[in-house]
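Whatever order the structure lists them in is the order used to number ligands and atoms, beginning at 1. Heads up: numbering here begins at 1 and tracks the sequence.
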Amino acid sequence: MNTIPGAKLETNSQTLAARVDRLFDFSAGQVERLIANHPGLFPIYTQNGRWAHKGEGWTEWCGGFLAGMAWLIANRTGSADWRNRAIALSSQLEPRKLDRDVHDLGFIFLNSYRPWYQTTGDPAPGEVLITAGRTLALRFNERGRFLRSFLAPESLFIDIMMNVPIIFLAARASGDQSLFEIASAHCRTTERTLIREDGSTAHEGIFDLATGRFLRQSTQQGVAAESTWSRGLAWSLYGFCQVYAFTQDRADLEVSWRNADCFLRRLGADRIPPWDFDAPAGARHDDSSAGAIAASGLFELARATAAIDQARATRYEAAATELLSALLCDHYIAWNTPAWEGVLKHGIYHFHKRLGVDESVMWGDFFVLEAAAKLLQAQASPRSWPAQSHARD
Ligand code: GLY
């Protein structure tokens, strides 16, 4: 087990393996409670620890994370009940495959229908994935060569890097090369416009719709256009790494490496990211969800890197383990907070809109569990585990 400095880790007296077991048990109980207490709800964030029903959503992007947690638990336990629950939750998302209002179809379907397809081999969820990928590709702006965000036609978000893999998946499964070209073009435009020299990321890019020319970096959820919103950096790290699995293009892997190195350079000794790495000292709040995404992404990146650069892969796996370990303590996991309905505390959804600030957020719960599952896989089969098997994509 890694030892990491930091007062918040004083509660980490159990071994990491024991805390991972406890996380799975606790998450299963919280998901059961969510389904029982809030039937039909796919929540985004909590308010005072209770899943919000009426809070503003900004955009509807989180359905796949609840289903994804059920799949992670089903695959860990081998339980038929959990598999049925995962299928039931995933099925409710199917109408979203035609949703043209959001850029989030990867978030929704890659964590629900993809494990369904991979686990069962049933062709029906595979068809849903292809349709969702085709729908997302309709957001492509030919002049600017990017997939536009939900917000405006001239807007590109870094978050879309976590969604573009569903277009690659649809391209591979359907043999439609035009989908591959759209997805590749989006990645190159994102690299050129949102990834900075030092590996940091801007949240948003703004384009001239008449010419397709890139105009400027901007932000919606970060401190400023030139700052580094930590969750955006984590989305890019993980997103480019997933893309590399489809393209085998070294350019995609190297963006992920640059993002990872920047993220790790900017983390403090406690290994918990602030919501924006450039937040002024007085406005510093943790975003535990960014730490969970980065941990899961780094496990993935270690696997992708192993065949090319062993030393780098070892460094990323150690960092992922450290990040996960820092989160698995009483301060961040709600296992000792009665009546708290989420799993991972101290996340942030939208700081400026005051949505889900210092609360549980649905993706934080999902990614901390996913990172824990990857740690177990890495320990069981060092460096050869298929973190996200593409065998059935
Ligand atoms: N919509 C993605 C995020 O808030 O990070």
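Remark: aromatic rings of H203 and W235 are distant, center separation not under 6.0 Å. Aromatic ring centroids of F140 and H186 lie 6.0 Å or more apart.
Taking NZ of K97 as the start and CG of L136 as the end, the distance is 15.5 Å to the nearest 0.5 Å. Between the CG atom of D101 and the CZ atom of R96 there is a distance of 8.5 Å, given to the nearest 0.5 Å. For the atom pair S200 OG and R265 CZ, the distance stands at 8.5 Å (nearest 0.5 Å).
Cation-pi contact between R22 and W335: present, with separation from the ring centre below 6.0 Å and deviation from the ring axis of at most 45°.
Contact residues of ligand 1 (protein heavy atom closer than 4.0 angstrom to a ligand atom; sorted by chain and number): W61, D159, Q221, W229, R231, W235, Y349.
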